[in-house]
Every structure is written in C-alpha cells, then in structure tokens.
Colleague: 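Sharing a structure with you now.
Note that the structure is a prediction, hence the values are computed from the model and not measured. Here is the naming used below: chain letters follow the sequence lines, and residue numbers restart at 1 for every chain.
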Amino acid sequence: MKPVSHTEVVISRSSTPNKGYGAKLKRFLRECWADRLSYLFLAPFLLSFVCFIIIPVVVAVLLSLTSFNGFAFPRFIGVSNFIYMFTQDVVFMKYTIPNTLKFALVVGPGGYILSFIFAWLIHQLPRSIRDYFSLALYAPSMVAGVALTMVWTATFSGDSIGYLNNILLSLGLIETPQLWLQDPKYLMTIMIVVTMWTSMGVGFLAMLGGLQTVNTELYEAGRIDGIKNSLQEVYYITIPSMKPQMLFSAVMAIVGAIKAGSISSALTGMTITPQYAGHLINNHIYDYAFLRYEWGYASALSVVLLLASYAIMKLSYWVFGTKEDE
Amino acid sequence: MLLSIRRNFTLSRVSLILFLTVIGIFMFLPIIFLFNNAFKPLNELFLFPPRIFVKNPTLFNFEQLFLHTSAGVVPFTRYLFNSAVIALTTTFAVIIVSTMAGYVLSKHRFHFKAFIMGAILIALMFTPETVAIPRYLIVSGLGLKNTYLAHILPFLASPVAVFLMKQFIDQIPNSLLEAAKLDGATDMYIFMRIIIPLTSPAVATAAIITFQTVYMDVEGSTLYMTKETMKTLAYYVEAMTLNIPGVAQLSIGSSIGLLMFLPNLIIFLLFQRKMIQTMLHSGVK
C-alpha cells in the first residue's frame with residue numbers, strides 16, 4: 001500500500017545519511033514535525049485514550065500484584081494473587097473457568113454465525129422490506145437492563161404463571177412447574193438462549209453494511225468463472241469482499257461473550273447464582289471487588305481476563321486478518 | 001412494497017420471507033410484550049394465564065412513575081434532561097474524534113502508528129467495570145466530579161468506533177485521495193469533503209452503538225456524581241427498581257422499561273434510514 005500523503009517526506013527520509021545519535025534524533029523529530037497534522041488529528045482521541053484506558057489498565061496491572069482493600073494503601077505481595085487463583089481458589093477452577101469457557105464457546109461463535117446467516121438472508125430480500133426485518137432482529141440488543149429482566153423473568157418464572165411453564169403445562173410436556181432460574185440444571189442454557197437473543201447487535205449491523213458494499217459486478221464475474229450456487233458465491237465472493245466487517249463483528253462477538261456476566265444476576269436476582277451454575281468470570285470479579293473488597297485479587301482476575309481475550313483476539317486475526325495489511 | 005413482491009414472486013423468495021417473518025416475530029415478541037406491559041392496568045399485569053396483548057390500555061403506570069418522582073427531591077424530567085444532553089453530546093463528540101483518528105490511522109503514515117493500532121486492538125476488549133477504581137481516581141484527580149464532562153470524557157476514547165472507522169476508511173481507494181491531492185486539496189479539505197461523506201454508514205453504526213452505551217451507562221452516575229441533580233435516567237431506573245419492592249415496582253418498572261427502550265429505538269431508526277439512504281446515493285460499492 002502506497003502512502004497517500006508525505007511522499008516527499010519519505011523520499012527525503014531515505015536520502016538523509018546517518019550521522020550518529022544526535023543526527024538521528026534530529027531527523028526523528030523533524031519527521032514527527034512533518035507529520036504534525038496526523039498527530040493533531042489523533043490528539044483528541046489519544047488524550048482520552050491514555051487518560052481513561054491506558055492509565056487505568058496499567059494501574060490495574062500494578063494493583064494485581066498487591067493486596068488492596070480499597071481503604072488502606074496497597075501492599076505489594078508479588079504474584080501470590082495469581083498463584084492463589086490457580087492453586088487454591090476452588091470456585092474459580094471448578095466453576096468459573098468451565099462456565100466461562102462453555103458460555104463463550106457457544107455464545108461467541110454461535111452468535112457470530114447466526115448474525116452472518118441472518119444478515120445474508122435479509123440481504124436477499126427486496127430492499128423495500130429489508131429495514132423491517134433488520135429492525136426486528138436488532139431490537140433485542142437495544143433492550144437492556146431492567147426491560148430485559150422484566151421480560152425474561154416473566155417467561156421463565158418458576159410458578160405455573162410463567163409463560164414457559166404455562167405453555168409446557170398446557171401441552172402436557174411437564175407435570176409440575178419447573179424452577180427454571182433457580183435450578184442449576186437449566187440456568188446455563190437459559191443464559192445462553194437469552195444472550196443469543198440479544199447477540200444480533202453491532203456485529204450484525206456491520207455485516208448488513210458490509211453486504212451492501214460488496215461489488216455486485218463481482219457476482220456476475222463469478223458466474224462467468226463457473227460459480228454454480230449461492231453457497232459458493234458466499235464463500236468465494238461475499239466473505240472475502242467483506243473481510244473488514246467480518247473481522248469487526250468477530251471481535252464484537254468475542255467481546256460480547258467475554259464481557260457477559262450481568263446476565264446471570266439479572267435473571268436470578270442474586271449476585272451469586274445457585275450452586276455457581278451461572279458463575280462467569282465477570283461474576284467472580286464482581287464478587288471479589290464489590291462483595292469482599294479484595295481489589296488486588298479482583299485486579300488479578302481482570303488481568304487474566306484481559307490476557308485471555310487478547311489470545312482469542314490474536315486467533316481471530318489469524319483467521320480473518322488480511323495478509324497484505326500493514 | 002406489495003408490487004415489488006409480486007414482481008419478484010418466486011417460491012424460494014416467498015419461503016424465505018415466511019421463514020424470516022417467523023424468526024422476526026419470535027425475536028420481536030418480547031418487545032411487543034414490553035410495549036403492552038407498559039399500558040396494562042394492575043389487574044392485567046397479574047393476570048393468569050398471562051396475556052401478551054393489553055386489553056384495556058391505561059396510562060396508570062406512567063402516572064405512578066410521575067407521581068412517585070414528583071414526591072422525590074429531583075423531578076423525573078431532570079434525569080431525562082441529563083440523559084438526553086449527555087447521550088447526544090457524547091455521540092456527536094465520539095463520531096468526530098473517531099473519524100479523525102480513523103482517517104489518520106488508515107491513510108497516513110507516521111511514527112508510532114503500528115504501536116497505536118496495536119493498543120487500540122487490545123483496548124477493543126476493554127471492560128470499564130474492571131478498572132473502576134483507577135478511573136475514579138483519574139476523574140476526581142482532574143476535578144471532573146459532578147460535571148457533565150465526567151459523563152462524557154470517559155466515553156470519548158472509543159476503541160470500537162475508531163476501529164470501525166479505520167476499517168471502513170481502508171476501503172476508500174487511495175487513488176481517490178491521491179487525485180484530490182494532485183488537484184491541490186489539503187488534508188483538512190480531504191477529510192471534510194471526501195472522508196466524512198463517504199463514511200456515513202460507519203458513522204451511523206458508530207452513532208447507534210455509542211448512543212446505546214452512553215444512554216445505558218450507570219457507572220458514571222454511581223461513581224463520579226455525588227449530586228442527585230447530575231445523575232442520569234439509567235441510574236434512576238436502576239435505583240428505582242432495586243429499591244421499590246412489590247406491586248408498585250411492577251407497574252413503575254414496566255413503564256420505565258418502555259421509556260428506556262424508546263430513545264434507543266428512535267436513534268436506531270433515524271440512523272439506519274440515513275445509513276441506507278447514503279448507501280444508495282453516494283455511489284459507494
């Protein structure tokens with residue numbers, strides 16, 4: 001990819017001879033000055049980025065090495081938080097990790113594939129009615145917090161008035177009302193269903209937009225080159241043409257799956273779910289940070305979460321990333 | 001609408017529409033429920049077997065909401081005003097800031113670019129909740145407590161929006177910008193006249209997500225605001241549903257549920273239409 005601007009600067013860069021550190025520094029500063037407009041454009045973002053994201057994260061990493069209760073000054077204890085986490089924290093090893101993995105593996109890729117399928121199907125519709133369908137599918141992700149809780153607790157309510165119990169009872173599929181949200185057997189499944197329902201979010205929108213940017217001439221060219229059915233069309237033309245959007249929504253799906261945590265407490269009304277059935281890593285962080293006031297350990301947990309999501313992110317780049325990208 | 005369906009009448013298309021309609025109704029059902037719930041009188045809210053559609057619509061729930069709040073220190077409208085101001089300002093600011101950053105990151109070449117991109121990619125997974133304490137220290141250190149700025153600034157750095165913009169601007173051909181350069185356009189001109197009009201779909205998406213995040217945010221009000229008059233609707237809703245048990249909660253809760261959902265819906269409709277229109281007219285493929 002050729003740089004659009006500063007072509008002349010690049011030329012002058014390569015022609016300047018190296019003369020020790022002083023000259024190098026001078027050249028570096030001169031180049032920075034030549035790029036000043038770029039930095040100016042970036043400045044508002046960078047300033048707030050450093051203030052509200054980088055510094056807090058660095059502080060969190062530092063705190064993860066301490067014992068800190070939120071009141072007294074943090075006491076440095078090295079990596080003991082991490083050692084404790086993987087050797088003695090029974091809840092973490094026995095419930096949090098398996099639950100989070102299960103949840104993220106189903107909701108992440110599942111939601112991602114579903115959003116692509118639906119976006120693609122909607123794109124096949126005539127333009128005049130497309131909007132209504134995209135609205136219907138996107139709407140659930142706009143319902144948050146209270147409203148979400150209201151609707152779903154009514155559905156899965158444990159008495160015979162609950163919608164699901166009511167339907168299943170009248171169909172004769174169950175004999176007594178089930179305590180859907182209190183029973184550890186069902187809680188996880190329900191959490192997954194509800195999250196999938198809200199998962200047609202930003203990623204879905206991005207894919208809808210991406211589908212519209214695909215050059216339609218490519219389809220004709222593809223037909224001449226021997227593409228027979230629409231499945232081949234999707235695989236050879238659609239997906240490669242909308243790689244940026246695919247990557248973006250993959251990232252959003254991962255983030256969504258990892259971030260989810262409030263869903264279990266919203267559904268059950270308890271911060272700690274029955275028998276830790278719906279205990280995700282975010283619940284664990286919340287537990288240690290706001291119930292036990294062990295900020296150091298909570299920070300260590302969030303560092304682990306950050307590292308894990310970074311690893312998954314790298315993986316998705318490896319899958320979707322464009323190779324010639326700089 | 002009907003005409004275009006008839007023109008393209010084929011079996012596969014009709015079955016596709018049918019299938020999507022069923023899915024759409026299933027997805028939309030809880031929202032219909034939400035709408036109807038807000039207008040149900042008390043006896044219908046507790047009806048057995050539960051009914052989705054309201055039979056005798058009433059504004060009783062909204063009356064309850066306003067009655068309850070007029071008894072409080074801060075009127076309900078104040079929260080609404082705060083939320084509106086904060087959400088709109090933030091959305092606008094985020095769009096400007098992210099488009100600028102996205103343009104530079106996509107089309108310029110300079111030192112630290114790879115480094116900044118790397119940081120943004122990692123920050124995509126950033127969860128503000130996990131670093132609440134350091135953030136609080138920074139906000140109070142900057143003297144922003146009890147100001148609107150404390151609601152707005154933490155959202156200004158939106159890695160998602162910047163990433164979206166960057167990815168989108170990547171698709172704008174370099175030759176277009178080079179041609180403008182040859183004609184003597186400055187960076188500012190390119191940004192205002194070429195980048196901004198061509199990125200409208202990404203702007204629409206960024207606007208929708210930013211508005212939602214800000215509008216739903218409770219953290220800002222809980223942590224950075226000590227004055228009740230500076231808090232937002234989302235905070236009020238949470239405080240309300242957590243504190244009022246029993247019958248009142250169900251009636252107030254159902255009306256609030258609708259109130260929280262509506263602005264999101266409006267913003268979405270507004271921007272989605274714009275997004276599609278610009279796609280049709282701008283000639284971007």
Side-chain angles (χ1 to χ4, degrees), chain A residues 2-6 31-32 35 37-38 41-42 44-45 48-49 51-53 55-57 59-60 121-122 124-126 128-129 131 133 136-140 142-147 150-151 161 163 166 197 202 205-206 209 212-213 215 244 248 251 255 258-259 285 295 302 306 309-310 313, chain B residues 1 4-5 8 16-17 20 24 27-28 30-31 33-34 48-50 97 100-101 103-104 107-111 122-127 130-131 133-135 138 153-154 156-157 162 164 167 170 174 177-178 187 201 205 209 212 216 237 241 253-254 256-257 260-261 264-265 268 279 284-285:
Chain A
K2 255 177 73 184
V4 178
S5 57
H6 315 300
E31 281 168 15
C32 285
D35 296 334
L37 201 73
S38 312
F41 266 68
L42 265 178
F45 172 72
S48 49
F49 187 68
C51 271
F52 295 102
I53 295 184
I55 296 178
V57 168
V59 174
L121 285 179
I122 284 177
Q124 307 305 308
L125 295 175
S128 48
I129 53 171
D131 283 12
F133 286 96
L137 288 179
Y138 183 71
M142 285 189 274
V143 184
V146 191
M150 284 212 8
V151 173
I161 305 180
Y163 289 101
N166 197 19
W197 180 67
V202 202
L205 285 188
Q212 293 183 350
T213 61
N215 192 342
F248 176 73
V251 171
V255 177
I258 290 173
K259 272 187 182 173
I285 293 175
W295 288 100
S302 43
L306 202 67
S309 30
Y310 180 69
M313 177 101 161
Chain B
M1 182 179 141
S4 67
I5 294 178
N8 301 313
L16 175 68
I17 292 178
L20 279 178
M27 299 289 279
F28 214 65
I31 289 150
F33 171 80
L34 192 73
F48 174 84
V97 167
M100 279 164 62
Y103 166 55
V104 170
K107 297 296 184 195
H108 281 190
R109 177 180 277 192
F110 54 95
H111 291 283
I122 301 176
L124 276 180
M125 276 144 335
F126 176 75
T127 23
T130 52
V131 290
I133 287 290
R135 281 188 143 204
I138 286 168
L153 287 183
L156 213 52
V162 173
L164 193 71
Q167 293 283 329
D170 275 349
N174 281 335
L177 303 187
E178 270 162 22
D187 262 326
T205 318
I209 46 175
Q212 263 181 53
M216 301 285 184
V237 166
T241 41
S254 54
I256 282 184
M260 284 303 286
F261 173 69
N264 277 336
L265 182 71
F268 175 72
M279 303 293 318
V284 186
K285 281 187 180 172

Colleague: Mind ranking B:Leu20, B:Ile138, B:Leu156, B:Leu16 by heavy-atom pairs under 4.5 Å with chain A and telling me who comes out on top?
Modeller: B:Leu20

Colleague: Could you look at A:Phe133 and say if it's the side chain, the backbone, both or neither that has a heavy atom under 4.5 Å from chain B?
Modeller: side chain

Colleague: Do A:Leu37 and B:Val104 have side chains that approach each other closer than 4.5 Å (heavy atoms only, starting at C-beta)?
Modeller: no

Colleague: Could you tell me whether a side-chain N or O of B:Arg135 sits under 3.5 Å from a main-chain N or O of A:Phe52, the two making a donor and an acceptor?
Modeller: yes

Colleague: Can you name the nearest heavy-atom pair linking A:Ala139 to B:Phe261, along with the distance?
Modeller: O-CE1, 3.9 Å

Colleague: Once you measure the plane-to-plane angle for B:His108 and A:Phe41, does it fall in the parallel (<30°), tilted (30-60°) or perpendicular (>60°) bin?
Modeller: tilted

Colleague: Relative to chain B, which of A:Ile122, A:Ile53, A:Val57 shows the most heavy atom pairs under 4.5 Å?
Modeller: A:Ile53

Colleague: To check you understand the geometry: which heavy-atom pair defines the closest contact between B:Ile31 and A:Pro140, and what is its length?
Modeller: CD1-N, 3.7 Å

Colleague: Between CG of A:Leu42 and OH of B:Tyr103, what distance do you get to the nearest 0.5 Å?
Modeller: 11.5 Å

Colleague: Please rank A:Ala136, A:Pro44, A:Pro56 by heavy-atom pairs under 4.5 Å with chain B and give me the top one.
Modeller: A:Pro56

Colleague: Return the CE to OG distance between B:Met100 and A:Ser38, rounded to the nearest 0.5 Å.
Modeller: 11.0 Å

Colleague: Could you look at B:Leu265 and say if it's the side chain, the backbone, both or neither that has a heavy atom under 4.5 Å from chain A?
Modeller: both

